[in-house]
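Contents: one structure, followed by commentary.
We count ligands from 1, going down the list as the structure has it; atoms in each ligand are counted the same way. Quick caveat, the model's predicted, so the values are computed rather than measured.
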Amino acid sequence: MNIPSHVSIIMDGNGRWARERGLERTAGHAHGVDSVRACTEAAARAGVKYLSLYAFSEENWNRPKEEVDTLMSLMVKAMENEVETLKKNHVHFKVVGNRARLSGLLNSMIDSLDEATVRDARMTLVVMLSYSGRWDVLQAAKRLAEEARRNPSLDLESIDTESFSSYLATDGIPDPDLIIRTSGEQRISNFFLWQGAYSELLFVDKLWPDFGQEDFAAALEAYAKRDRRYGKVK
Ligand code: IPE
Ligand code: IPE
Ligand code: MG
């Protein structure tokens, strides 16, 4: 089977999952962590090289403070609990996003978990935190402009899509082959705007806390049947 090298998931539907059960939205987020664990295992087992998870968007900062705080503390708790499992399964943990908006505690935990899991890794788990596609393209353009200002001999004509990509926050991570979104919504919600140019999209109706290993396997099967053409004639 043709296994995608980079699978990305827009993990959506935690709030609806909780509402259906008469629970607080935050209970849905807590259960969403189990789906993260399940999909990380399933991806590593299938031989996926990069699994990126859209965990918190730049726009999600506009949610009520208690919800934001719960999401951030769930992140801290999950990082504390999963360090051994990540190491055992040879999964390198990485965070991509607007790190300046994260707390000092969260930032230092991210750095130490990244360092603790980098050796002998077979898969990279990229948690997209305080990320948005427009933020990423904008920060890349700003960094490039800054470089041009510092170095007036920089030949702008030589900047191509590949070199521009190296300014993105995802530098070093290949573009996603497959982007899955749960919960039935069919939109990108400011996720991988540049990197997703040729990604296969898969929208599934299940809410994120209900999305398990079999669903991940089914997504890989659906991907294997896709015919990627990149604008060419086959
Ligand atoms: C996804 O679930 C988690 C985050 C965006 C942080 P939601 O919280 O968006 O759940 P719904 O879409 O309201 O059901
Ligand atoms: C997208 O979900 C962001 C994440 C899953 C982290 P949202 O629930 O924030 O997106 P919208 O508001 O439905 O577009
Ligand atoms: Mg949502």
Side-chain angles (χ1 to χ4, degrees), residues 6-40 43 50-79 81-82 93-103 106-107 109-110 124-139 168-170 173 176 178-196 199-212 215-216 219:
H6 179 177
V7 177
S8 189
I9 310 180
I10 301 174
M11 309 182 288
D12 198 15
N14 295 350
R16 278 162 281 170
W17 185 92
R19 197 177 56 211
E20 280 175 6
R21 287 161 179 77
L23 302 169
E24 296 287 323
R25 292 177 57 80
T26 47
H29 299 316
H31 277 85
V33 177
D34 296 337
S35 301
V36 169
R37 197 177 302 110
C39 289
T40 305
Y50 294 86
L51 174 67
S52 58
L53 301 176
Y54 200 11
F56 193 86
S57 72
E58 280 283 78
E59 290 74 22
N60 289 151
W61 288 110
N62 300 318
R63 292 189 178 194
K65 186 176 182 301
E66 312 98 78
E67 182 167 345
V68 170
D69 289 349
T70 304
L71 282 162
M72 295 300 152
S73 56
L74 276 171
M75 199 56 217
V76 167
K77 235 193 278 165
M79 288 190 334
N81 293 340
E82 302 302 327
F93 175 91
K94 216 174 139 60
V95 164
V96 168
N98 188 358
R99 295 273 304 263
R101 293 187 83 173
L102 305 179
S103 73
L106 194 49
N107 271 316
M109 287 189 70
I110 291 166
T124 303
L125 171 65
V126 189
V127 175
M128 311 295 292
L129 208 52
S130 196
Y131 183 82
S132 84
R134 286 181 176 176
W135 164 80
D136 197 1
V137 175
L138 190 62
Q139 68 78 30
L168 295 170
T170 49
I173 300 169
L178 170 66
I179 299 177
I180 303 167
R181 183 174 187 144
T182 59
S183 90
E185 305 299 349
Q186 302 193 0
R187 54 177 172 261
I188 288 297
S189 297
N190 207 357
F191 190 35
F192 277 148
L193 298 183
W194 172 283
Q195 297 88 335
S199 303
E200 293 297 323
L201 305 178
L202 183 72
F203 298 104
V204 299
D205 286 335
K206 274 202 183 175
L207 303 174
W208 177 245
D210 290 327
F211 192 88
D215 302 298
F216 190 86

Closest protein heavy atom (residue, atom, distance) for [atom]:
| atom | answer |
| --- | --- |
| atom 12 (O) of ligand 2 | R187 NH2, 4.6 Å |
| atom 10 (O) of ligand 1 | G15 N, 2.9 Å |
| atom 2 (O) of ligand 1 | N14 N, 3.2 Å |
| atom 14 (O) of ligand 2 | S189 OG, 2.6 Å |
| atom 1 (C) of ligand 1 | M11 O, 3.0 Å |
| atom 4 (C) of ligand 1 | R63 NH1, 4.0 Å |
| atom 6 (C) of ligand 1 | A55 O, 3.4 Å |

So with a 6.0 Å cut-off around CD of E67, is the heavy-atom count from everything else above 12?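 Yes, enclosed.
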Heavy-atom count around R134 CZ within 6.0 Å, excluding the residue itself: above 12?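 12 or below, so no.
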Can a donor-acceptor pair be found, under 3.5 Å and without considering hydrogens, that links the side chain of [X] to the backbone of [Y]?
| X | Y | value |
| --- | --- | --- |
| D136 | G133 | no |
| W208 | G32 | yes |
| N107 | L102 | yes |
| S35 | F211 | yes |
| T182 | D12 | yes |
| R101 | S130 | no |

Any N or O of [X] that comes nearer than 3.5 Å to an N or O of ligand 2?
| X | result |
| --- | --- |
| E185 | no |
| Y54 | no |
| S57 | no |

If you look at D12, which of its N/O/S atoms is nearest to the Mg ion (ligand 3)?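 The closest N, O or S atom of D12 to the Mg ion (ligand 3) is OD1.
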Closest non-hydrogen atom pair between R25 and G15, with its separation: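 R25 and G15 have their closest heavy atoms at NH1-CA, 3.5 Å.
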Within ligand 1, which atoms have a heavy atom of N60 less than 4.0 Å away?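 Close to N60: 5 (C), 6 (C).
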Under 4.0 Å to a heavy atom of H29 - the qualifying atoms of ligand 1, by number: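 Matching atoms, with element in brackets: 3 (C), 8 (O).
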Those atoms of ligand 2 less than 4.0 Å from some heavy atom in F56: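 So the atoms of ligand 2 that pass are 6 (C).
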So, 4.0 Å and heavy atoms of R19: is ligand 1 close enough to count as a contact?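 The answer is no: ligand 1 sits nowhere under 4.0 Å from a heavy atom of R19.
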With a 4.0 Å cut-off on heavy atoms, does G13 reach ligand 1?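 Within the 4.0 Å threshold, so yes.
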Can you label the angle between the Y54 ring and the F191 ring as parallel, tilted or perpendicular, going by 30° and 60°?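 Because their plane-to-plane angle is under 30°, the rings of Y54 and F191 count as parallel.
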Is there side-chain contact between T170 and W194, with at least one heavy-atom pair below 4.5 Å?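 Side chain of T170 against side chain of W194, heavy atoms only: no contact under 4.5 Å found.
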Does R181 come within less than 4.0 angstrom of ligand 2, counting non-hydrogen atoms of the residue?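 The answer is yes: ligand 2 sits under 4.0 Å from a heavy atom of R181.
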Hey, looking at atom 7 (P) of ligand 1, which of T26, D12, V68 has the closest heavy atom?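 Nearest option to atom 7 (P) of ligand 1, by heavy atoms: D12.
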